[in-house]
Amino acid sequence: MSVKKCLFPVAGLGTRFLPVTKEIAKEMLPLVNRPIISYGVEEALSSGCGDIIMITGRAKNSIENYFDRSFELEDLLFRRGKKELYEMMLKISNMAEILYIRQREPLGLGHAVLCGEPVCKDDYFGVILPDDVFISDVPVLSQLIQVHDRLGGSVVALEVVEPEKISRYGVIAGVEEEPGIMKISDMVEKPKLEDAPSNYAIMGRYVLSPTIFSLLKQQHAGTGGEIQLTDALRNLLKYEPVHGVVYRGRRFDCGTQKGWLSANIQLALEDPVLRDVVLEVVNGK
Ligand code: G1P
């Protein structure tokens with residue numbers, strides 16, 4: 001695999017999840033017994049990206065703490081003979097090399113990616129928006145990296161979405177080059193339905209060319225007054241190819257209450273013990 005670094009923008013305030021996100025980072029909300037962020041980190045690692053860069057903010061110390069060692073807890077578990085839990089704690093803190101960079105102002109996704117320039121400027125790098133949690137046989141980031149390795153250039157994940165949802169996303173125009181692979185010719189961030197160039201929406205996985213950084217620096221605020229990654233990618237199209245991959249797998253938008261709850265139910269249904277609990281509650285037993 002050619003892509004070794006993966007950037008996680010995690011500075012967002014999680015307003016769609018208030019009040020719980022007043023004090024808890026949205027990335028730390030649980031999916032069964034693990035925080036949302038750990039799913040993204042595992043996806044990056046199993047896609048060959050061993051260097052993780054988190055673009056974080058003031059209220060996100062709990063993310064750093066989660067991936068750090070906790071000597072007190074480890075010592076306690078060890079002394080009480082709770083071997084499995086002790087090993088689980090060690091595994092989490094040994095999972096990855098994680099570097100944290102502060103995004104000092106909430107200027108948008110494009111700005112968050114730009115904050116990663118000092119560490120990502122020399123090579124293609126992955127981006128995972130951890131709100132989008134995927135359940136798939138092949139990790140979705142890895143599906144993108146495979147296309148990058150074969151066709152070169154930047155790659156984004158795509159999903160065909162229903163018309164009433166299209167204005168929530170970045171939307172592309174393009175032609176199908178191979179089954180499930182689009183050669184992108186244009187893109188627009190959160191268009192009105194009547195302006196959407198297709199029903200292919202960008203989902204939270206990217207493989208980006210380092211050329212994106214110089215374009216992000218020139219980028220003016222776009223939709224929502226924020227510096228948009230989609231706008232910089234649109235500019236990138238003038239110089240380098242960008243492909244879209246219709247990912248294979250199932251996505252849960254854990255940035256919304258509905259998506260987060262669906263993900264919890266789905267993961268519980270896949271667990272041999274919790275499955276019966278869900279079914280009992282649903283069937284009113
Ligand atoms: C961001 C991107 C958008 C993309 C979406 C995927 O939007 O700006 O292009 O379609 O993620 O989840 P956000 O969800 O941060 O508003």
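Atoms within a ligand are numbered from 1 in the order they appear, just like the ligands themselves. Model, not experiment: these values are computed from the prediction.
- Close N/O approach between Thr230 and ligand 1 is found [any backbone or side-chain N/O within under 3.5 Å].
- Shown here, atom 16 (O) of ligand 1 is in close reach of the protein: a heavy atom of it lies under 4.0 Å off.
- A salt bridge does not link Asp137 with Arg248: none of the charged nitrogens is closer than 4.0 Å to a carboxylate oxygen.
- The closest protein non-hydrogen atom to atom 2 (C) of ligand 1 is Glu189 OE2, 3.6 Å.
- Residue Ser62 comes nearest to Ala25 through the heavy atom pair OG-CB, 3.9 Å, listed as atom of the first residue, atom of the second, then distance.
- In this structure, Phe17 and Trp260 have perpendicular ring planes: the angle between them is above 60°, well past the 30° mark.
- Between Lys26 and Asp131 there is a salt bridge, since at least one side-chain N of the basic residue sits less than 4.0 Å from a carboxylate O of the acidic one.
- Using a 4.5 Å heavy-atom cutoff, the side chains of Glu226 and Gln228 are in contact.
- Counting protein heavy atoms only, atom 11 (O) of ligand 1 is closest to Leu129 CD1, 3.4 Å.
- Nearest to atom 12 (O) of ligand 1 among the protein's heavy atoms is Asp132 OD2, 3.0 Å.
- Counting protein heavy atoms only, atom 5 (C) of ligand 1 is closest to Ile202 O, 4.0 Å.
- Classified by interplanar angle (parallel below 30°, tilted 30° to 60°, perpendicular above 60°), the ring pair Phe78/Tyr86 is tilted.
- Some N or O of Gly170 is nearer than 3.5 Å to an N or O of ligand 1, by distance alone.
- The distance from the OG1 atom of Thr56 to the CG atom of Leu99 is 11.5 Å, given to the nearest 0.5 Å.
- Distance screen at 4.0 Å: atom 7 (O) of ligand 1 has a protein heavy-atom neighbour inside the cut-off.
- The protein non-hydrogen atom at the shortest distance from atom 13 (P) of ligand 1 is Lys190 NZ, 3.6 Å.
- Of all atoms in ligand 1, numbered sequentially from 1 with element shown, those under 4.0 Å from a heavy atom of Gln228 are 8 (O).
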